[in-house]
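Each remark here refers to the structure printed beneath this line.
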Amino acid sequence: MDSKAQTIEKLRADLHRFNYEYYTLDNASISDYEFDLKLKELEQLEKDNPQFFDANSPTQRVGGELTKNFVTRVHKNRMYSLDNSYSKEDLLDWEKRILKLVEGPIEYTCELKYDGASINITYKEGKLVKAVTRGDGVQGDDVTTNIKTIRSLPLTLQEPFLDSFEIRGEIILPLKGFQKMNEERATAGEELYANPRNTASGSLKLQDSVEVAKRPLDCLLYQVVSDDRRFESHSEILSKARSVGFKVPKTLTVAKNIDEVLDFVSLWDEKRHDLPYETDGIVIKVNSLRMQEEIGFTAKAPKWAIAYKFKTEQQATLLNEITYQVGRTGAITPVANLEPVHLGGTTVRKASLHNADQIEKLDIRIGDTVLVEKGGEIIPKIVGVDFSKRSQNTSKTIYATNCPECGTSLIRTDGDAKHYCPNEFGCAPQITGRIQHFISRKAMDIDGLGGETVDLLRKENLINTYADLYELKYEDIVRLDRMAEKSAQNVINGIEKSKEIPFEKVLFALGIRFVGETVAKKLAKHFKNIKALMNASFEALVSVDEIGDRIAQSVVSFSQDELNIQLIDRMESYGVQLSLSAEALENQTDLLKGKTFVVSGVFHKLSRTELKKTIEDNGAKVSSSISKKTDFIVAGDNMGPAKLEKATKLEIQILNEDEFLAMLQ
Ligand code: AMP
Ligand code: ZN
C-alpha cells in the first residue's frame, strides 16, 4: 500500500477509536484539541487524495448531504411491535402461554425500553451500509446520511463480527442535550420542542445532515438479526455487539425466572429517573435464540418478547391559582399553581396549562382537584380534573383579558393558540426580555450586563429599548447597587465594542419574531442593508429562498411600526452595523443572477459548504433537488446514479468543479 494510504487508514482507525472511547465508553484518552488536530489532518489528506475517499471515514460525521425525499426501503426482516403488560399477573400469563410452545425452564433478558425512534441498521463486511426507520414495520425511510452523523454509532467495526447483519436500536436525545436545544430556541424566541422522543424522531427526517450532526443524538442498540447461527442467546450476541463497538446499555440483565424479572422492574421503576435519557418501560425477551425461533410471532409482535409499561406517573392535587406569564415576545402562558405534590422524584408546584383552549377543553377551575402527569414532557402537565371532588362553589375559569404586567388588553390572532400582550414597548418583561436577547452571546455579545442589571436599569428608567443602551453613561451604571467600578467600565466598553458586530447578528439581535439566527443570515445576505429590508414588500420577502409567509408577515409589521423606524434611525446614528461590511460585499457578484444550481457529489478544490456559498455569493440559488427549474448541476465524485439519470432526462447542463469555477472568471 502507498504510504499516503497507510497514513490515512491509520488516522481513520485512530479517530474511530477516539470517537468510540469518548461517545460510547465515556472515557476519552486524548483531549478535544488533539482530536480536532487529527481530524483536520485527515480532512486535508482526504482533500488532497480524493482517490482514497471513504463514505465511512470519521470526517463524514459532520454531515453535508441533503436529502430532499427519503427513499422508501423494504426491511429484509420485518420490524415487529411489542405486546404490552402492566402487572405481575400479565407476565405470569405470558409465561404460561410460552410454556405451551417450549419446554421450561426459561431464562429471560431484561432491558430498558428506551423512548426514542427505532432504527434498523445494516452492516456488511464490518461497514455501516444502510439505516432505515421502522416505518410501518415492513418498509421505512432510508436515513443513512443522517444516522452516520451520530458519533457513538460505529461506521466501521473495530473487530470482526458477523459478515452481514442488521442491528436494531433506538435513536434517543439525552435529556441534557434536549434541554440545551430548548434553551437555544428560547433565546431565539422560537417555540420550544415538546419532548425528547418527538425531537429525536423529527431529527432523523431533517433534510440537511449538517443540522442533524449538530444535535446531540445517541443510538442505543437492542437487537441483532442475522442468518448466522453461531450465537446461543440474545444476551451473548448483544455482549459481542458491545465488544465490537456498539452502544448496548449495561443495564441489560439476565433473569432466571419471572420473579427475577419483577425485581428488575421494581428496581428500574425508581432508578430510571436518574438515567440521562427517558424510558417508558422494560422489555423482557426469552434469552435462548433457539427457543425464540420455536416460539415465533403473532401477526404483529414476537411471542417471545413483551414490554412491561411503567405506570405513567399521575398524582391528584389541588389547583390554588392560575397565573399568567409574559414572554419576551409578549406571548402569554397560563400557569397552574398547585398544592405541592411529589411526582417522579421531584416536588411539583407549577404546571403549564398551555393556552386558553386547553383550560376550556378540560374545564379547569380554581379549587379543583386536578391530575398532574409527568410523561415525556419536562414540564409537568395537567391531564384532567377529578369532577367527583369538585365543590359546589367553583366557577368557570375566565381567561385573562389583560396583561398581568402592564394591564394592556390581550389579543389573539386567528390560527394562533396563544394570546399576546401587544404593548411591546411598555410591558416590563417584554422590554427586559428584548434587551436581554439583544445583548446575548449570539446577538450583540455585550459582556458584563446580566439580566438583573438590565432589569435594574429599566426600573431606573435608564433603558426602555435596546437603542437606549448606546446612551448609557459610566455614571449611570456605577451608581447601581452592587456595581463595581471595573464592571461598570466593562459594560461601557462592551457596548462600544458591539458597534463592530456584523449586520447579520445585529438583525438577529433586533428580536423580530420568527427571525432566528439562520433567517437573519439569509435576510442580511439577500437585502444587504436594513433600509432595503424594511422597504421590502411581503412579495419580495417570500420570494427569498426559505422565507415563508409567517416570517415575511412578521418582518413587514416590524418595518411598518413607527417606533421601530425611530429605533433603527437611532441605531444608525450610534454607528451600529446596519449593512453588510465592504468585505462581505466584495465577494458578492451578480454573475450567476437568476440561475438555480444543484450540487451533488464530493469536491476537491472547495468543500461543499464553500461551493454553495460561492454560488450564493454570485447571485444564484442553490436547490437541493433536481427539477425543471434547475439550470446547472455542479457534479463532483460519486454523484448519485438516480440524480444523473434525472439530469440527463431533463437535459440539464452538468458542470464539473473546474468548469464551474471557470464560469466565475
Ligand atoms: P411499541 O412501539 O410500543 O410497539 O414498542 C416497540 C418498540 O419499542 C420497538 O420498535 C423499539 O423501537 C422500542 N424499544 C425500545 N427499547 C427496546 C428494547 N430494549 N428492546 C426492544 N424494543 C425496544
Ligand atoms: Zn404587557
Side-chain angles (χ1 to χ4, degrees), residues 75 77-86 108-121 131-138 140 166-172 196-197 200-201 204 218-225 234-235 237-238 241-242 246-253 261 264-265 268 272 275 277-287 292 297-302 304-310 312 324-333 376 400-411 418-434:
H75 295 295
N77 299 287
R78 180 165 164 195
M79 290 183 84
Y80 286 87
S81 129
L82 288 170
D83 286 334
N84 288 327
S85 63
Y86 302 90
Y108 301 99
T109 56
C110 303
E111 290 163 71
L112 297 173
K113 191 165 187 288
Y114 323 113
D115 202 8
S118 34
I119 191 81
N120 187 23
I121 313 167
V132 179
T133 61
R134 179 164 101 167
D136 62 2
V138 175
E166 291 176 1
I167 188 160
R168 291 166 180 185
E170 202 79 358
I171 306 294
I172 55 144
R197 187 204 326 114
S201 74
L204 294 187
D218 209 342
C219 180
L220 308 179
L221 287 317
Y222 58 72
Q223 196 192 354
V224 177
V225 187
H234 178 64
S235 57
I237 203 168
L238 280 188
R242 184 190 291 137
F246 289 103
K247 199 167 198 171
V248 175
K250 292 251 171 68
T251 43
L252 180 140
T253 302
V261 169
F264 185 90
V265 169
W268 285 103
R272 68 190 175 113
L275 288 165
Y277 46 80
E278 294 192 314
T279 54
D280 60 343
I282 304 284
V283 184
I284 303 130
K285 297 168 188 165
V286 170
N287 197 19
Q292 286 189 3
F297 296 82
T298 66
K300 80 176 238 298
W304 45 263
I306 196 159
Y308 181 98
K309 290 274 183 160
F310 291 129
T312 342
Y324 299 85
Q325 252 171 24
V326 189
R328 159 168 81 80
T329 56
I332 307 288
T333 306
T401 50
N402 294 77
C403 175
E405 300 280 344
C406 70
T408 309
S409 289
L410 298 180
I411 53 163
K418 294 224 165 210
H419 284 70
Y420 282 88
C421 165
N423 186 14
E424 254 180 89
F425 296 98
C427 180
Q430 294 191 59
I431 297 172
T432 311
R434 211 164 330 103

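Quick caveat: nothing in here was measured; it's all calculated off a predicted structure. Each ligand, and each atom within it, is numbered from 1 in the order the structure gives. Residue indices begin at 1 and follow the sequence shown.
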Exercise for review: Could you tell me whether Glu111 and Lys285 make a salt bridge, using a distance below 4.0 angstrom between a side-chain N and a carboxylate O?
Suggested key: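 A salt bridge is present here (some side-chain N lies under 4.0 Å from a carboxylate O).
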
Review point. Please state which protein non-hydrogen atom is closest to atom 1 (P) of ligand 1 and give its distance, to 0.1 Å?
Key: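 Result: Lys113 NZ, 4.0 Å.
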
Exercise for review: Please write down residue, atom name and distance for the protein heavy atom closest to atom 15 (C) of ligand 1.
Suggested key: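 Here the nearest protein heavy atom works out to Tyr114 O, 3.3 Å.
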
Practice item. With the side chain counted from C-beta on, respond yes when Gln223 and Glu166 share a heavy-atom pair under 4.5 Å apart, and no when they do not. Key: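 The answer is no, as the side chains (C-beta and beyond) never meet within the 4.5 Å cut-off.
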
Check your understanding: Which option, Lys300, Lys309, Arg134, Glu111, owns the non-hydrogen atom nearest atom 10 (O) of ligand 1?
Key ->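 Shortest heavy-atom distance from atom 10 (O) of ligand 1: Arg134.
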
Exercise for review: Using heavy-atom distances, let me know which of Glu170, His234, Arg168 sits nearest atom 14 (N) of ligand 1.
Suggested key: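 Comparing heavy atoms across Glu170, His234, Arg168, the nearest one to atom 14 (N) of ligand 1 lies in Glu170.
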
Under 3.5 Å, N or O to N or O, is [X] touching ligand 1 that way?
| X | answer |
| --- | --- |
| Tyr222 | yes |
| Leu112 | yes |
| Asn84 | no |
| Leu82 | yes |

Exercise for review: Could you list which atoms of ligand 1 come closer than 4.0 Å to a heavy atom of Ser118?
Suggested key: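 So the atoms of ligand 1 that pass are 10 (O), 12 (O).
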
Exercise for review: Can you sort out which atoms of ligand 1 are near Ser81, meaning under 4.0 Å from one of its heavy atoms?
Suggested key: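 Checking each atom against Ser81, I get 4 (O).
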
Practice item. Apply the side chain to side chain donor-acceptor pair (under 3.5 Å) test between Thr333 and each candidate in Gln325, Lys418, His419; give the one that qualifies. Key: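 For Thr333, the side chain to side chain donor-acceptor pair (under 3.5 Å) test succeeds with only one of Gln325, Lys418, His419, which is Lys418.
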
Check your understanding: SG (Cys406) to the Zn ion (ligand 2) to SG (Cys403): angle, nearest 10 degrees?
Key ->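 Computed angle, vertex at the Zn ion (ligand 2), rounded to 10 degrees: 110°.
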
Practice item. Fit a plane to each ring of Tyr277 and Tyr114, take the angle between them on a 0 to 90° scale, and name the class: parallel (under 30°), tilted (30 to 60°) or perpendicular (over 60°). Key: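 Perpendicular.
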
Review point. Which of these passes side-chain contact (heavy atoms from CB on, under 4.5 Å) with His234: Val224, Val286, Thr109?
Key: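 The passing option is Thr109.
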
Exercise for review: Would you please determine whether Leu220 falls within less than 4.0 Å of ligand 1 on a heavy-atom basis?
Suggested key: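 The answer is no, since Leu220 has no heavy atom less than 4.0 Å from ligand 1.
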
Check your understanding: Under a heavy-atom criterion of less than 4.0 Å, does Lys285 contact ligand 1?
Key ->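 Contact check Lys285 vs ligand 1: positive.
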
Point to revise | Distance in Å, Ile282 CD1 paired with Phe264 CZ, rounded so as to fall on 0.5 Å steps | key: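 It is 4.5 Å, given to the nearest 0.5 Å.
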
